[in-house]
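I have placed the structure first, in the form of structure tokens, so that the comments after it can refer back to it.
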Amino acid sequence: MARILITSAIPYINGIKHLGNLVGSQLPADLFARFCRARGDEVMFICATDEHGTPAELAAAKAGKPVEDYCAEMHEVQKELAAGFRLSFDHFGRSSSQRNHRLTQHFAGVLADNGLIREVSEKQVYSIDDKRFLPDRYIEGTCPNCGYTSARGDQCDNCTKQLDPTDLINPHSTVSGSTNLEVRETKHLYLMQRTLRDKLEAWIDSKTDWPILTTSIAKKWLNDGDGLQDRGITRDLYWGIPVKHGDQPWPGMEGKVFYVWFDAPIEYIAGTAEWADAHGLDNAAWERWWRTDKGASDVTYYQFMGKDNVPFHTLSFPATILGSGEPWKLVDYLKSFNYLNYDGGQFSTSRGRGVFMDQALSILPSDYWRWWLLSHAPESSDAEFTWENFQASVNKDLADVLGNLVSRVTKFARAKFGETIPSGGSFGAQETALIADLGARIKDYEGHMAAMEVRKAAAELRGIWVVGNEYLQSAAPWTVVKTDPDQAQAMIRLAINLIRIYAILSEPFIPDASATMMSALNSTDWTWPTTVSEAIRALAPGHAFAVPENLFRKITDEERAEWQVKFSGIRT
RNA sequence: GGGCCUGUAGCUCAAUGGUUAGAGCAGGGCGCUCAUAACGCCUUGGUUGGGGGUUCGAGUCCCUCCGGGCCUACCA
């Protein structure tokens, strides 16, 4: 029994996430967590909301609420939606937790003690009317290069030239529109990643089995230009973790907070501590997942994230861990995803384009979405959501192949032999061949799942479902029952047991449907079907079962057309 | 500008440099009647974006051109 630590990139607190966000980290992480648990591994699956930073403060201000209240509310909203999608986190924490405050301050202190923090005095744009320093992209003005009037302080979207906010002509705050800006001197802490560069490179180079998408991004940052740069880890904001040296004040840094990207990944650890707190456990309970000197040396740690998160997880966060000199667990495998596009363009949170988690659940149950998203996960390149494709996949895979199989088996069994598993006959050549075929396919499925090859796993699972229909067609119990009822009973006994096996195998993808199948079969035996010849006999003659409601309904052309229109515009 | 990814059947995707490039869906035909008009079997679709090169052999490696995408460090 392995010990598996899984973290999903933590979703930003600002607003409800869209399906692209979901499929890029939380959903595949959940798939993997469920698979590992199903096979008997000890799993710790952690996620949280990422709550700090300028956008959270601005969103709270827009909502007319104190940022603490706004984040608390949005955390509950996201927690509820995660539950709606059946995301099986052991804990869904908050980066604003006291646990994260203490850990982040601890890491900063240790890094400073190790000579890896330096103070830098720099010039930042301050908006007098907004009473805040503004990140470069919150300043707009006219591009000195091309004359575009909505150029951002970091880059002109029109001519793509990299800019400095002071380059802009007629700069103004995008928060208030105010032009009352000035450049102020401010002091910040920098993490000296340059010092750790060689150590990081050696570590990255040792990860030969990581996806190319992951390592190529890391290497680019390590080697591009002057190589890995030191990184500012503090900001002049109100909402964040106060800069402290461990539990001591940090002279000269009063009123400043840590940068969100410094504290966010530390929340993976803090979230596990929150989990322990929530269960009344002591520190040893979470430390055995994270401290190799306290029991975590046999833990394998997997991270899931979208490609935009890769630099922070391959470089910044490992720099924090390695630089601490303390025996914290580093990630063993990093699974990254490309983006999901929506009907010819990008999903966009800021522009409200696409289907959002709450909207998705309002029209169909989570299994429908889980199946489509996972079986089309953007692994090798960006993928595209279209309503036609969604309708086709759901109707064919879920309703026809799996749902109908469960339906035809249970209804035939009830009609001919009643609602208990029949005892007649015995397995012959056809059944033996099916068992062998299933054994090979399950092994294949396990291989893809263990390798986190999500699409391939989905395709194999579907193939496993199809095998059931093929068997029924060639065995034809509806014909056999007329001449040899005993043999037909054996076929149905096998077919009902097949449903149980399918429920277990499918649970990581479609947990609700699996639960419905198991409940109809009156079974709580979720033992992974390692040996098919045994698993196919788990439900013995005489065992009572029921015919479940149809597992999946079909999406009609009218619905598809309606949703296409409904979700074509911009969410307000 | 630089770096990386990507382009394969109408659609969504597969193929450690090695038989005749494969699946699912859609399309066509046949079968079955237990089932949500569901299922099964057979089948039509390809100059692997264009061009050049390396190799006994290229979808795969190299060069080049064309198209799509991501990143480029203060959004997160």
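Chain letters run A, B, ... following the sequence lines, proteins first, then strands; residues in each count from 1. Bear in mind that the values here come from a model prediction, so they are computed numbers and not experimental data.
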* To do: Might you work through the side chain to side chain donor-acceptor pair (under 3.5 Å) test for E267(A) and S95(A), ending with a clear yes or no?
  => CA-CA 5 Å; E267(A) 169 62 15; S95(A) 69; 5.8 Å; no

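- A salt bridge does not link E140(A) to R152(A): none of the charged side-chain nitrogens sits closer than 4.0 Å to a carboxylate oxygen.
- For the P atoms, the distance linking A14(B) with A23(B) amounts to 16 Å, nearest Å.
- Scanning atom types as modelled, no donor and acceptor separated by under 3.5 angstrom connect the side chain of E384(A) and the base of C11(B).
- Using a 4.0 Å heavy-atom distance criterion, N550(A) is classed as a base contact.
- Under the 4.0 Å criterion applied to side-chain N and carboxylate O atoms, E559(A) and R553(A) are assigned as salt-bridge partners.
- Each of G227(A) and L402(A) was matched to the nucleotide of RNA chain B holding its nearest heavy atom; the match closer to the 5' end belongs to L402(A).
- Counting non-hydrogen atoms under 4.0 angstrom, S316(A) reaches nothing in the nucleic acid.
- F133(A) comes within contact range of no nucleotide atom at all, as no heavy-atom separation falls under 4.0 Å.
- Comparing C13(B) with U6(B), their C1' atoms sit 13 Å apart, to the nearest whole Å.
- Interface remark: the N404(A) side chain does not form any donor-acceptor pair with the A38(B) base, using a distance-only criterion of under 3.5 Å.
- Each of L237(A) and D400(A) has a nearest nucleotide on RNA chain B; the 5'-most of these lies closest to D400(A).
- With P as the reference atom, G18(B) and G24(B) are 23 Å apart, rounded to whole Å.
- Glycosidic torsion of G45(B) falls within 90° of 0, placing the base in syn.
- Within 4.0 Å (heavy atoms only), A383(A) reaches sugar-phosphate atoms of the nucleic acid but no base atom.
- Looking at heavy-atom distances under 4.0 Å, V481(A) makes no contact with the nucleic acid at all.
- Atom CZ in R408(A) sits roughly 8 Å away from atom P in C39(B) (whole-Å rounding).
- In the interface, the side chain of Q124(A) is paired with the base of C74(B) through a donor and an acceptor atom under 3.5 Å apart.
- Legend: residues meeting side-chain contact (heavy atoms from CB on, under 4.5 Å) with A383(A), ordered by chain and number and at least two apart, are L340(A), P378(A), R455(A).
- Looking at E201(A) and R197(A), a side-chain N of the basic residue comes within less than 4.0 Å of a carboxylate O on the acidic one, giving a salt bridge.
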